[in-house]
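Okay, so here's the structure we're looking at.
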Amino acid sequence: MDIFNNTTKVVKDDLTKKIKTGSKVAIAAASFSLYAYQALKNELEKCDSFRFIFMSPTFVAEKTPKERKEFYISRLHREKSLYGTEFEVRLRNELKQKAVAKECAQWMQRKAAFRTNVTREGMNNFLVVDNPEDCYIYLPMNSFTTVELGCERGKNISNMVTRFESPFSREFLQLFDSIWDDKEKLQDVTQDVINMTQTSQLLNR
């Protein structure tokens with residue numbers, strides 16, 4: 001077990017050591033950011049696969065026209081986080097967002113799969129790195145952003161993340177696998193995420 005305070009000891013630095021050629025990455029989180037991809041680009045290019053579950057309905061239309069307004073706004077917020085959260089504004093100004101998005105979209109087409117929870121049921125948030133020699137879990141992982149990786153300061157007073165190894169990590173991986181294969185709970189949104197990543201109009205907003 002190890003603990004990261006995400007100030008002097010950050011999750012991103014540990015992931016650069018744990019994600020290797022052949023790694024399988026699985027994440028259950030609220031949102032995915034281009035800049036988290038950018039922070040781990042070299043490592044994510046090495047991994048065999050990248051699976052991501054949006055914990056709440058994302059990239060899917062509301063089932064009825066009377067959906068609650070707050071839910072609709074939350075869904076849009078999760079989708080727009082793809083281009084960076086409010087705490088990644090500095091990165092949006094410094095990096096060429098189009099270039100980052102292009103690289104990310106190409107990587108997604110080769111390595112990534114995205115599914116969303118289409119129920120109103122909650123689920124745990126975590127990140128798993130599955131290697132042949134061991135399996136690691138980082139939790140909590142509320143969102144896949146540079147703030148959660150410890151690269152940027154968020155609005156929280158503390159941002160502690162704990163890493164566990166086998167056998168504890170295997171339990172979470174088995175949980176992820178069981179949910180991933182449940183078509184009643186999850187819907188594939190991979191192409192929707194790729195399409196939004198490639199949308200230049202939104203990239204230049």
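Worth knowing before you read on, the calculation uses all heavy atoms, side chains too, and leaves out hydrogens, waters and symmetry mates.
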Return the [atom1] to [atom2] distance between [X] and [Y], rounded to the nearest 0.5 Å.
X      : Y      : atom1 : atom2 : result
Ile137 : Met141 : CD1   : CE    : 9.5 Å
Tyr37  : Cys104 : OH    : SG    : 6.0 Å
Asp182 : Asp177 : CG    : CG    : 12.5 Å
Asp14  : Thr16  : CG    : OG1   : 7.5 Å
Met123 : Ser56  : CE    : OG    : 9.5 Å
Arg51  : Ile179 : CZ    : CD1   : 11.0 Å

Going by atom types only, do Thr8 and Asn5 share a side-chain donor-acceptor pair under 3.5 Å?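 Yes - a donor-acceptor pair under 3.5 Å links their side chains.
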Any chance the side chains of Glu121 and Asn117 put a donor and an acceptor closer than 3.5 Å?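 Short answer, no.
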Say whether, by atom type as modelled, one donor and one acceptor occur between the side chain of [X] and the main chain of [Y] under 3.5 angstrom.
X      : Y      : result
Ser49  : Lys111 : no
Asn142 : Asn125 : no
Thr197 : Val193 : yes
Arg115 : Trp180 : yes
Trp107 : Ala112 : no
Thr116 : Val118 : no
Asn6   : Val11  : yes
Ser158 : Met160 : no

ILVMFWY network linking Val129 to Leu173, side-chain heavy atoms under 4.5 angstrom: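 Per the 4.5 Å side-chain linkage, Val129 and Leu173 are not co-clustered.
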Hey, any chance Met108 and Phe52 share a hydrophobic cluster, counting ILVMFWY side chains that come within less than 4.5 Å of each other, even indirectly?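 Yes: a chain of side-chain contacts under 4.5 Å links Met108 to Phe52.
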Salt bridge or not for [X] and [Y], using N-O below 4.0 Å?
X      : Y      : result
Lys20  : Glu133 : yes
Arg163 : Glu165 : yes
Lys18  : Asp130 : no

Is the ring pair Phe126/Phe172 parallel, tilted or perpendicular, if the boundaries are 30 and 60 degrees?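 Because their plane-to-plane angle is over 60°, the rings of Phe126 and Phe172 count as perpendicular.
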Hey, what's the ring geometry for Phe114 with Phe32, parallel, tilted or perpendicular (30° and 60° as the breaks)?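 Perpendicular, since the angle between the ring planes exceeds 60°.
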Below 4.5 Å, heavy atoms only, C-beta onward: do Phe50 and Ile27 meet side chain to side chain?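 Touching, per the 4.5 Å side-chain cut-off.
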Should Val10 and Leu149 count as side-chain neighbours, where that means a heavy-atom distance under 4.5 Å?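 Val10 vs Leu149: side chains apart.
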Given the side-chain rings of Tyr138 and Tyr136, with only the six-membered ring counted for Trp, is the space between their centroids under 6.0 Å?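 No, the ring of Tyr138 stays outside the 6.0 Å limit from the ring of Tyr136, centre to centre.
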Non-hydrogen atoms of Val25 and Cys47 that approach each other most closely: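 What the structure gives for the nearest pair is CG2-CB, 4.3 Å.
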